[in-house]
Amino acid sequence: MADTKREIERKYESEDSGLPDLTGVAGVAAVIDKGVAHLDATYYDTDDDDLIAASITLRRRTGGADAGWHLKFPVSPGVRDEIQAPLSDTVPRTLAGLVRSRVRDAELLPVVRLRSDRDVRHLVDAEGVLLAEVSVDAVRAERLTGGNGATVQWTEIEVELADGGDPVFLDKVEKRLKKAGVRPSGSASKLARALADTGGVKRRKVARKAPETAGDHVMAYLRAQRDAIVELDPAVRRDVYDSVHRMRVATRRMRSAFKSYGKILDRTVTDPIGEELKWLAGELGVDRDQEVLTERLTKALDELPRAVLTGPVRTRLRTWSHARSGGSRRRLIAVLDGRRYLDLLAALDALVAGPPLLKAAGGRPSKVIPRAVRKDFGKLTELVEQALELSPGADRDLAIHEARKKCKRTRYSAEAAAKALGEPAVDLVRSMKSLQGLLGDHQDSVMTREALRELAGQAHAARESAFTYGVLYGREERRAELVELDLPVTWPSIKGAMEV
């Protein structure tokens, strides 16, 4: 089992003079000598340096209080999430899975060995509570790849904030260190410095020119979605809040762009990829849609007066929700480890590396891109106005649902156009987001009413009261009715303002 912690630290260059006196730092009552720890860490990466290119580090370390495997993901400058696993001879499967989207089928190999003599001090307050751990690290690095066996030595100061501490405290420590002539390190990590000083890392073509053509703008948008899928993979595996939803949105944005910009991208190439993205979105949503529906019903129950709660409605809801859950965390991890998903990632890499551009891709963005956005908005207009002409009922519900899907597509095509068209596209994104919320409320009501009919049927078959489900059904009908009353008022202003 792997454990996760948020690591907030800063590194500094250190001369032979060692650590300056820190007793004058505001809030520090004592500096406690914790002795010297001898650390021995081996860092792993692929032959192409895929992890270090993403600022990710994976190491196996002995010595100190936290011996084991450590995998670190960047969060922001000086902040990383560290996932720990117990010592073993090989990379733990859990950690290997968390870097799968980066390394794919490549083997993880030892690249650098770092041996450090760590002289540790604890900064504590008047009550003896730990504020930060400060260490002076004498480091000896040895390159294990490339056959050169190069070595390098240096000394650095590391200040790590205590768990739950205020990052402002690190500013106070830094102020004291700077007064003593200590300067921030030029390297983000020990590994980065070791690699730089023993032969560097493999160069990658990351420089990208500013978008000039219509194709440039569309591909920049698609590249961002590909990057989002790859970067969110570890968060989805760790079940980080909202990560599944965000990955699904990235797949939808890519599929939408393929369709909206079919005059720029060859759809004989993008359509098969779009189908695989649809598959992935479906796998990600196996349990998510049910969770959202259950949350909506639970909240609705919480809002009801106690007098209208009859029968074991909460128990019935839990049983129903559990029975409808079609997947599990284990199933989703298997999907992300599977060949089909890895092949999809490879296809996305190939797409952004060699875009299937058509002739229109070379045109001016201000001329080519608005056509696609107008086309999407035109189709949305047809669907909304068709829905407004229908009487309330199943046909109108379906028409509003179709309009909602087209609204999403229009929003995403406008997002892709934002950097090319500026404020008009941004305004359209904003309007589509608002309209999507309105239409989404209606669709949520439709789905919730279907669920309530099912729950009421189960309750009736079990000779339980179905009264509460009827009350909730009536409330959902009213919510849908309010949307249907609002739509003919809201839509004309949106339609009239859109002149992208």
Side-chain angles (χ1 to χ4, degrees), residues 101 214-233 236 242-286 288-289 292 332 335-336 338 340-358 360-361 368-369 371-380 382-383 401-420 425 428-429 432-433 435-437 439-440 443:
S101 66
D216 289 339
H217 282 276
V218 173
M219 288 311 304
Y221 184 75
L222 291 175
R223 189 177 294 109
Q225 307 318 313
R226 187 281 309 268
D227 292 348
I229 292 171
V230 171
E231 291 167 6
L232 283 166
D233 178 294
V236 170
D242 204 38
S243 58
V244 169
H245 171 69
R246 289 162 60 200
M247 185 184 276
R248 288 180 80 189
V249 169
T251 68
R252 291 168 178 164
R253 282 175 169 147
M254 290 198 83
R255 290 178 59 221
S256 178
F258 291 163
K259 295 175 181 178
S260 296
Y261 295 102
K263 298 293 185 181
I264 293 175
L265 298 166
D266 185 351
R267 290 194 60 174
T268 63
V269 176
T270 60
D271 279 356
I273 299 175
E275 286 301 309
E276 291 303 284
L277 289 168
K278 182 179 181 180
W279 160 77
L280 177 58
E283 293 291 348
L284 291 166
V286 166
R288 176 57 184 164
D289 292 339
V292 171
L332 181 54
V335 167
L336 297 181
R340 187 173 181 179
Y341 173 67
L342 295 179
D343 287 345
L344 171 57
L345 294 183
L348 296 180
D349 289 345
L351 177 77
V352 299
L357 300 176
L358 300 176
V368 176
I369 289 180
R371 292 175 185 167
V373 180
R374 289 194 192 102
K375 184 177 180 180
D376 283 339
F377 189 75
K379 292 180 178 178
L380 171 63
E382 292 176 8
L383 290 171
H401 178 48
E402 291 300 317
R404 175 177 175 250
K405 292 192 290 185
K406 188 60 65 177
C407 178
K408 283 185 180 181
R409 179 165 160 181
T410 305
R411 173 186 169 185
Y412 296 151
S413 66
E415 284 180 349
K419 289 188 177 179
L428 180 56
V429 171
M432 291 300 97
K433 187 174 182 180
L435 180 61
Q436 182 183 327
L439 301 179
Q443 178 62 15

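- Between Tyr261 atom OH and His217 atom NE2 the span is 10.5 Å, to the nearest 0.5 Å.
- A heavy-atom distance below 4.5 Å is found between the side chains of Met254 and Leu351.
- Looking at heavy atoms from C-beta onward, Lys259 lies in side-chain contact with Arg267 at the 4.5 angstrom threshold.
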Decide side-chain contact (heavy atoms from CB on, under 4.5 Å) for Phe258 and Val218; before the verdict, give the C-alpha distance in whole Å, the side-chain angles of both, and the deciding distance to 0.1 Å. CA-CA 9 Å; Phe258 291 163; Val218 173; over 6 Å; no
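- Put simply, the side chain of Ser413 gets close to the backbone of Thr410: a donor and an acceptor are under 3.5 Å apart.
- Note that OG1 of Thr270 and CD1 of Ile264 are 11.5 Å apart. Values are rounded to the nearest 0.5 Å.
- A pairwise comparison of heavy atoms in Asp376 and Ser260 identifies OD2-OG, 2.6 Å as the closest pair.
- For Val373 against Ala417, the heavy-atom pair with the smallest separation is CG2-CB, 4.0 Å.
- Here the CG-OG distance, from Leu277 to Ser256, works out to 11.5 Å after rounding to the nearest 0.5 Å.
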Please walk me through it: do Met432 and Phe377 pass side-chain contact (heavy atoms from CB on, under 4.5 Å)? CA-CA 10 Å; Met432 291 300 97; Phe377 189 75; 3.8 Å; yes
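- For the atom pair Leu280 CG and Ile229 CD1, the distance stands at 6.5 Å (nearest 0.5 Å).
- Residues Val335 and Arg340 fail the side-chain proximity criterion, which asks for heavy atoms closer than 4.5 Å.
- Using a 4.5 Å heavy-atom threshold, the side chains of Val230 and Leu348 count as separate.
- Once rounded to the nearest 0.5 Å, the distance linking CD of Glu276 with CG of Asp343 reads 8.5 Å.
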Working note: Lys405 + Glu402, criterion salt bridge (Lys or Arg N to Asp or Glu O under 4.0 Å); need CA distance, chi angles, decisive distance, verdict. CA-CA 5 Å; Lys405 292 192 290 185; Glu402 291 300 317; 3.1 Å; yes
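- Looking at heavy atoms from C-beta onward, Arg371 lies out of side-chain contact with Lys263 at the 4.5 angstrom threshold.
- Of all the heavy atoms in Glu415 and Arg253, the pair that sits closest is OE1-NE, 2.9 Å.
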Test side-chain contact (heavy atoms from CB on, under 4.5 Å) on Trp279 and Thr251; report intermediate values, then the result. CA-CA 10 Å; Trp279 160 77; Thr251 68; over 6 Å; no
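- In this structure, NZ on Lys379 lies 8.5 Å from CD on Glu382, to the nearest 0.5 angstrom.
- Under the salt bridge (charged side-chain N to carboxylate O under 4.0 Å, His left out) criterion, Asp289 pairs with Arg248, not counting sequence neighbours.
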